[in-house]
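Let me begin by presenting the structure, written as structure tokens, before commenting on it.
The chains referred to below are lettered A, B, ... by the order of the sequence lines, with proteins before strands, and numbering in each begins at 1.
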Amino acid sequence: MLSRLSRLKRLAFTSAMALAIFANAPNGAHSQETFDIGVSTILTPPGSVIQGIQVRQALELIADWQNEQGGVLGKKIKLVVADDQGTTEGGRTVAERLITRDKVSVITGQASSNVVLASLEVAKKYGVPVVNVNGWASGIRTAGVPQVFSPGPYTTRVITATVDTLIALGSKKVFGAFDNTDAGFSLEKEMSKQLKERAPQIQYKSVILDRAAKDYLPVVLQIQAEKPDVVVSELIAPAGYILMNQLYDQGVAPTKDTMFFEMGGMTDNPDFWKNIRGAGKGALAFGHYHPKFDLPAIGVEFRKRFVERYKVEPGRLSFQAADALFVILDAAKRANSTESAALTEALAKTDYLGTRGQITFDKTPGPTFNQWVEVPYAIFQFTAVDQKLDDTTLLKQSNGPLDLKGIVAP
Amino acid sequence: MSDLIVVEDLTKRFGSLVAVDGVSFTIGEGELVGFLGPNGSGKTTVLNMMSGLLRPDAGRISLSGANVGGMTADRIARAGMIRMFQLTRIYPEMTVIENLLTAGFALGLDKRQATERADELLADLKILAYREAFASDLSGGQQKLLEFACCFMKAPKIALLDEPFAAIHPTMRQTLADYVRGTNAAGQAYILVSHDMPIVIDLCPRAICLAAGSVLADGPTDEVLREPAVIEAYLGPNHS
Amino acid sequence: MLSSMLVSGLITGTFYALMALGLTMIFGVLRIVNFAHGEFYMIGGFAYVLLYHSLGVPIVAALPAAVVAGAALGWVVERLLIRPVYAEMGARQQGRDEYAIIVTFALSILLIAAMTKIVGPWSLQGPRLIDGPPLLIAGIRVSPHQLAALGIALFFLLGTLYLLNYSLWGRQIRAVAQNRSAAAVMGVDVGKVSTIVFATAGGLAALAGALLSNMISPSPDVGAFPAIKSYVIIVLGGLGSPLGALIGGLLLGVIENLGAIYISFSYRDTYGLVLLVVILLVRPNGLFGEMRREV
Amino acid sequence: MAARVSSLRRPAAPTSRTQLAIALLMLAALAPLPTLGLEIYWQGVVITSLYYAMLATNWNLLAGYTGLFSLAPAGFAMLGAYVTALLWTYAGVSPLIGIPSGAIVCAVVGLIIGILTLRLSGPYLALTTLALAEILRVIALNSFDITRGEIGLEVPALFSHQSSYYYMFIVAVGCLLIGLHWLLGKPCGLYLRAIRNDETGARARGVRTVFWKVFAFTISSGFCGLAGALFAHYVIIVSPSIGHLLVTGLVMSMVVLGGMGTLLGPLVGALLVNVSSEYLRAAGDYQHIVFPIIVIVFARFCREGLVGRIAMMFNARAGVNAARGSRTTEVLASS
């Protein structure tokens with residue numbers, strides 16, 4: 001009997017503990033004094049943490065910068081950062097948590113397509129706007145969710161640029177390597193479609209590769225047997241590094257017969273030259289940012305502050321994140337409100353000069369819905385190992401035409 | 001007396017070592033046979049093969065006329081040849097009664113039968129007071145008694161006991177010996193491996209002596225022990 | 001293409017074997033599987049790359065240092081986590097298994113997470129051992145670095161096998177593997193042998209990580225698949241058989257590449273499992289496995 | 001003599017009715033929280049904890065009671081989730097059929113793996129399940145045309161309110177625990193524990209060890225699949241990350257922390273680990289550093305886990321009575 005009583009005591013103790021845990025829950029007491037912006041980004045693997053860091057750095061910089069100047073509508077900007085790990089479940093639960101627990105009125109920071117896709121339903125359900133930083137997949141736009149806006153890169157744009165370049169290079173045979181992500185698959189589809197329509201003279205083959213693989217030799221040998229003029233790769237790091245290195249080691253690309261074109265956005269990773277040595281020399285790259293871009297004043301200022309604070313040049317993701325946050329702040333000012341519905345309405349009418357150009361959102365349903373259609377991009381070439389982006393040969397200015405005059409054979 | 005166990009030409013090699021080399025013997029119903037032999041003579045290996053824990057390289061083992069060679073250990077146990085180990089194998093994190101019930105259920109008893117039988121055995125072996133204790137709480141000797149009891153939850157056709165009297169308290173040894181004698185008188189067959197010569201002489205009318213993997217002598221215990229080869233191989237020169 | 005892939009498979013297989021050899025030695029002596037084996041590989045890769053890139057240690061020193069780092073980790077793991085338990089468990093094999101699986105699996109997750117915290121999730125390419133124009137072998141270009149790495153791997157692989165068979169050190173290890181208590185009775189310091197085996201295994205895995213760091217830039221989670229492959233290999237070769245690890249490693253390397261050509265490249269990492277299932281069906285003791293004495 | 005017995009540490013009674021009662025009371029205490037204003041977010045945390053509790057309980061059936069080590073609880077959960085997702089996506093099969101199908105497919109896969117590996121003695125199960133878990137994940141990740149890779153497949157929700165899931169998981173965990181308690185009270189419960197205690201001894205005394213090991217692994221795999229399938233319809237998206245090895249690591253830490261071989265341990269462990277994960281994540285993603293350390297420390301110094309340790313304290317006090325034989329056994333109490 002004695003022991004039974006003690007057990008009950010123990011039970012009571014356990015329940016009390018459980019309740020205490022819930023009572024102390026770090027719940028974001030929603031304050032009217034701040035403009036709470038949810039940041040869902042990759043802080044831990046399996047997603048690409050490098051991307052998450054670049055996004056977070058830019059967002060924190062701008063939040064502090066704007067708060068120095070008094071914030072927005074008299075409120076301080078408060079970033080509520082949460083880790084989506086770049087996974088689908090992560091994206092969905094983080095979005096749900098930011099909205100229901102932290103009561104944020106808008107979400108940004110998402111660095112991968114699957115996370116944005118996972119948050120579409122949540123955004124629609126709660127009517128909270130999402131300003132997507134780096135979700136390329138067409139599905140994000142074609143879903144037609146009115147709350148989701150994309151001032152960043154998108155599939156069609158990348159492929160248009162790539163195909164432009166391939167045509168200008170006068171290629172006859174192209175080999176494409178894509179990774180097994182949603183972005184990879186939709187880029188591959190778009191690529192074969194555009195090549196068929198716009199350049200039927202180009203022979204095209206492609207392969208989808210496992211991003212987790214560590215050895216691509218069978219594929220490299222296949223490419224070698226094909227002898228293409230250009231190898232196009234969309235693989236992101238580190239898979240992309242391994243593929244590039246193996247192509248180089250096997251003498252496939254970049255060589256004087258075969259160019260290498262990188263369109264996965266790897267080149268502005270801080271660890272690019274730590275992983276790519278000789279393989280980088282002569283490579284062509286597509287980028288959403290280049291230090292030689294003619295930036296608007298706010299972009300120049302952002303870049304200056306970024307270098308001051310973090311001692312490194314901002315990458316394209318930092319610019320994309322910066323524009324996402326600026327667009328949100330602009331919408332809040334115009335709406336004169338930080339409420340979700342008002343923000344959504346104002347965001348749709350965005351016409352704002354961001355860090356890289358004039359941002360507007362397209363209204364046509366389809367692959368460019370709520371997308372900044374004219375998002376700028378660059379085509380450039382590395383001409384030496386360890387070359388800084390500044391020193392690369394810029395072949396296309398942010399809004400200028402493609403000019404391959406400066407190109408050199410590897 | 002009909003043959004309960006027939007072992008023919010049993011052989012087992014470990015690498016280049018021939019541990020058991022063509023061992024043959026028969027055991028009749030209700031016999032109590034002592035198994036003698038110096039360390040490494042192959043006694044435990046023979047028991048392991050008989051109980052199905054080790055596959056013989058050659059030879060035949062039959063129990064009541066049925067071949068049990070190649071059967072799994074649990075099938076052999078259920079067929080009525082059960083085994084007690086030299087190093088005690090009980091379930092330390094289970095209670096004494098749970099240990100016994102597990103064996104009882106596995107051998108096909110229902111709950112009522114198993115419980116009654118367990119209590120009977122515990123009383124016979126004088127460890128009923130520990131019925132609810134965890135087996136790990138028992139002393140080494142008590143654990144041996146428990147393992148012994150587990151083997152008798154359903155009376156086997158034959159029990160193979162590997163050194164049951166080693167390292168246990170004299171009173172418990174007496175209890176165990178009395179139980180073996182009593183049940184044998186009632187027709188229970190045993191093979192008893194032991195180094196304890198007085199007990200073997202006392203209990204076993206017949207003995208088989210193994211040396212270097214072969215049967216050295218097989219016959220009435222006192223005759224076997226008088227065999228010069230046995231004395232030399234097993235008991236050592238200074239025994240005579 | 002076929003001959004190129006065979007050659008490439010044998011090269012990859014050599015590195016697999018280097019990892020599997022240590023794993024199978026640990027199993028032979030301690031009867032446990034080290035589920036943190038992939039992290040020894042990862043530590044070796046990072047030690048080599050970071051020493052070279054961050055501290056400017058020359059390659060000739062960075063490579064041995066990586067091996068030492070792996071061996072030191074193996075030593076510490078065995079002393080701190082593995083030894084106390086088999087010392088106290090004695091005959092109860094099962095309790096030791098349970099503990100070893102839990103502890104090494106937890107250690108694996110811990111090392112990955114800790115490394116991610118310390119150096120970040122980045123991958124870093126290791127420096128080449130030697131630079132120079134590639135050589136053409138069976139239709140694939142093999143860089144001097146790869147040849148040197150292969151040579152070093154083969155040297156350590158065959159050297160370890162030789163020592164296991166012909167040195168006093170190796171005889172002691174094999175004695176403990178065959179019968180732990182008998183070896184102890186014969187005067188072999190069983191604890192010391194266990195520590196040495198764990199350290200050797202750590203060193204070999206770390207060596208594989210360092211040698212491959214130029215081809216496979218290490219990141220904190222880089223060890224998972226090499227480890228899973230070594231698990232398949234040791235079952236294929238026979239648990240505890242060093243020769244089996246060598247043959248199994250080469251075989252897996254080749255089979256994977258053949259599968260990549262004839263079946264599908266994307267599922268290359270899955271062929272190991274298919275192979276594992278086949279072995280378990282057909283020859284559960286592996287190619288060189290021995291029936292063990294029970295009870 | 002009695003004093004000697006009581007002074008020893010005694011393991012927890014694995015089929016203790018008290019533990020079941022405490023577990024059910026804990027679930028009952030959780031049940032009214034949504035109506036008392038538990039936030040949606042924390043409801044989600046509890047739901048996830050209960051999902052983990054299901055996996056942990058099933059892992060405990062293997063590791064804690066039978067002494068088998070599977071490294072694929074997360075792998076089976078992922079497989080179960082994909083079965084219902086694929087059935088829904090390609091055949092429009094209702095979740096009401098899809099969820100049990102997930103459980104059945106996992107049980108069948110478990111049966112096959114069990115037959116392959118469990119007739120052998122050695123670490124084959126752990127090795128094979130680890131390979132299986134990772135390889136299933138690679139297949140799910142790479143078969144984009146079918147599974148949509150890491151984006152995952154969308155599945156319909158079962159309920160429109162989060163609290164409905166909350167109750168569903170409470171009921172599921174409750175049923176699972178009652179079922180496990182019932183099973184352990186049957187002779188088969190004794191066989192499983194006997195196998196963990198001494199497999200050779202069990203075999204030599206007539207227990208069909210291979211059969212019962214395969215049985216335990218099959219049902220454990222099936223219920224992991226069921227948990228995964230249920231969870232899939234809660235998160236609405238099925239992706240390969242459900243099956244990540246880190247998840248298996250978390251499940252393991254829940255059981256080791258709570259107490260292997262105790263009925264209550266996995267539930268307590270799941271709540272503790274998952275709720276504190278929320279804080280550790282906020283503090284900078286330390287959960288994958290903290291929990292492995294806890295696991296190693298517990299495995300080394302407190303193998304009985306929290307619940308086991310507390311039960312030991314009670315048992316030590318009750319020990320005198322036990323030795324006198326006055327305490328009635330709780331074994332087979334439910335049969």
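In this structure, chain D has heavy atoms under 4.5 Å from both the backbone and the side chain of A:R97. For D:F231, no part lies under 4.5 angstrom from a heavy atom of chain A.
Ranked by non-hydrogen atom pairs under 4.5 Å with chain A, the options D:L141, D:I242, D:I237, D:V238 are led by D:I237.
Residues A:Q147 and A:N370 have side chains that never bring a donor and an acceptor to within less than 3.5 angstrom of each other.
Taking both residues in full, the closest heavy atoms of A:S113 and A:W136 are given as OG-N, 3.0 Å, listed atom of the first, atom of the second, then distance.
Classified by interplanar angle (parallel below 30°, tilted 30° to 60°, perpendicular above 60°), the ring pair D:Y279/D:W42 is tilted.
No more than 12 heavy atoms of other residues, nucleotides or ligands sit less than 6.0 Å from atom CD of D:E154.
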